[in-house]
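All values below were derived from every heavy atom in this structure, side-chain atoms included, with hydrogens, water molecules and symmetry-related copies excluded.
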Amino acid sequence: MRIGFIGRGRMGRPMLDRLAEAGHDITVLVRRADIRADAEAEGLRCAATVEEAVREADAVFVVVLTDDQVRSVCLGPEGALAGMRPGAALVQHTTCAPDTVQLLAQKGAERGVEVLDAALSGGPHDIAASRLTLWVGGDGALLARLRPVLETYASPIVPVGPVGNGQRVKLVNNALFVAQVGLVADAVRLARSLGIEERTILEAVQQGSGSSRALDVVARGGSVDAVAERLADLMSKDVAVVREAARRAGVDLGLVGSVLSSDTVVGRVLGTGRPPGPRAFPNPSPPSLSSTARTIQEARHERP
């Protein structure tokens, strides 16, 4: 398959490696000339502009960092959707606002381009092992067509309904993960007050009913502080996104929100000293997110 790729970063680079190993014909966006020369020396076909990266592609993969970056590279006269040919598909992996990916689907449909909302869970090591988790919102037939490509780096691939639901599931998942890391931090505090060292309690509870993915991540990282230092920026971003999505939908975060606002999460896990406030998305007015109110309660990189 001819693939245009936008986002050769921490997550994007191992995806590129897996796609290339599977024999796909890839053009990757690399705007800076010096970095482009290095990438070409590594055997990558590079493009200096979005239009050049996407114009011949059967599918375009977007793996950037922020909601603003998704909109910047996908929308507008110089964006990916404007440069893609009718019949092509855009696979959006970046964690973003649900209404952003819904807007991509709307604008894509106007040009005959289909969009998959393929939110991800995992890290570079999961991509290398082809075990990245994908929560996919979008047309089932399109997912079936692209599944063999996605399976080069992802399993399981979980359909979750229409476009937007992939991001909603990701938001709920990440909020729950950060809350669980906070509970692990408080469990470590409790254990220390009982005379048990952090390493001991982490290793012991891993074998019990109190274990969780969050506890396993902390145990592998060595301590709560070590994991917080490595993942605080990503976790803070995700907490801000879920707070904003819930605010727009009029959804109460409930007990999860209380844990996320606790001194333990704010001060130790996220290290900000204050709760992450709503992150402003480009649309100043609340979007039509009636479906969010229904789905954000049902479902939401190591990212969780």
Side-chain angles (χ1 to χ4, degrees), residues 6-7 11-12 15 58-67 69-71 73-75 79-81 84 87-122 126-127 132-177 237-238 241-242 244-246 248-249 251 281-283 286-301 303-304:
I6 301 173
M11 300 293 282
M15 287 183 189
D58 301 308
V60 173
F61 290 70
V62 178
V63 198
V64 293
L65 184 61
T66 68
D67 188 278
Q69 289 174 350
V70 171
R71 288 172 175 259
V73 300
C74 292
L75 298 173
L81 291 174
M84 293 171 67
L90 186 140
V91 179
Q92 206 300 96
H93 281 315
T94 307
T95 301
C96 68
D99 60 293
T100 291
V101 73
Q102 289 175 315
L103 178 62
L104 298 187
Q106 174 191 331
K107 295 298 184 181
E110 295 171 1
R111 300 187 59 85
V113 173
E114 294 184 274
V115 173
L116 276 188
D117 168 23
L120 55 81
S121 177
D126 296 307
I127 297 169
L132 188 72
T133 296
L134 294 181
W135 297 298
V136 182
D139 180 70
L142 177 61
L143 174 56
R145 173 155 60 92
L146 292 178
R147 183 179 285 272
V149 182
L150 298 173
E151 285 177 341
T152 62
Y153 56 84
S155 180
I157 298 170
V158 185
V160 293
V163 167
N165 276 12
Q167 296 301 324
R168 295 182 184 108
V169 172
K170 169 79 171 183
L171 289 167
V172 172
N173 175 81
N174 284 15
L176 183 59
F177 176 83
K237 169 199 165 188
D238 292 338
V241 172
V242 75
E244 176 66 6
R248 287 184 167 194
V251 173
F281 292 129
N283 292 338
S288 176
L289 287 178
S290 59
S291 58
T292 304
R294 296 192 300 270
T295 60
I296 199 168
Q297 299 175 64
E298 301 170 353
R300 185 191 141 14
H301 161 330
R303 268 315 261 283

**OP:** Enter the distance from D126:CG to L120:CG here, rounded to the nearest 0.5 Å.
**Re:** 10.0 Å

**OP:** Would you name the heavy atoms of V115 and A105 that are closest together and state the gap between them?
**Re:** CG2-CA, 3.8 Å

Subject >> Distance (rounded to the nearest 0.5 Å) between T133 OG1 and N173 CG >> reply: 8.5 Å

Subject >> Shortest non-hydrogen separation from G7 to V64 and the atoms involved >> reply: CA-CG1, 4.3 Å

Original post:
Less than 4.5 Å apart, any side-chain heavy atom of L132 and any of M15?
Top reply: yes

Original post:
Rounded to the nearest 0.5 Å, how far apart are NE2 of H93 and CG of L116?
Top reply: 9.0 Å

Subject >> Atom of G166, atom of A119 and distance for their closest heavy-atom approach >> reply: O-CB, 3.2 Å

Subject >> Counterpart residues, salt bridge (charged side-chain N to carboxylate O under 4.0 Å, His left out), relative to D139 (two or more places apart) >> reply: none

Original post:
Hey, does D238 have a side-chain heavy atom less than 4.5 Å from the side chain of F177?
Top reply: no

Subject >> Smallest separation among heavy atoms of L134 and A118, with atom names >> reply: CD2-O, 4.0 Å

**OP:** Could I get the full list of salt bridge (charged side-chain N to carboxylate O under 4.0 Å, His left out) partners for R111, not counting sequence neighbours?
**Re:** none

**OP:** Could you tell me whether the side chain of V60 reaches within less than 4.5 Å of the side chain of I6, counting heavy atoms only?
**Re:** yes

Original post:
Residues two or more places apart in sequence or in another chain: which of them pass side-chain contact (heavy atoms from CB on, under 4.5 Å) with L75?
Top reply: R71, L81, L103, L104, K107

**OP:** Return the set of residues passing ring-ring contact (aromatic ring centres under 6.0 Å, His included) with F61 (not counting sequence neighbours), or none when no residue passes.
**Re:** none

Subject >> Qualifying residues under side-chain contact (heavy atoms from CB on, under 4.5 Å), relative to R147, sequence neighbours excluded >> reply: L143, E151, I157, P159

Subject >> Minimum-distance pair of heavy atoms, taken over all atoms of C96 and V70 >> reply: CB-CG2, 4.5 Å

Subject >> Closest non-hydrogen atom pair between A97 and D67, with its separation >> reply: N-OD2, 2.8 Å

Subject >> D117 side-chain N/O to Q167 backbone N/O, donor-acceptor pair under 3.5 Å >> reply: yes

Original post:
Quick one: side-chain contact (heavy atoms from CB on, under 4.5 Å) partners of P162, sequence neighbours excluded?
Top reply: N165

Original post:
Does the side chain of V241 reach to within under 4.5 Å of the side chain of K170, using non-hydrogen atoms?
Top reply: no

Original post:
With side chains defined as the heavy atoms from C-beta onward, is the minimum distance between Q69 and T94 less than 4.5 Å?
Top reply: no

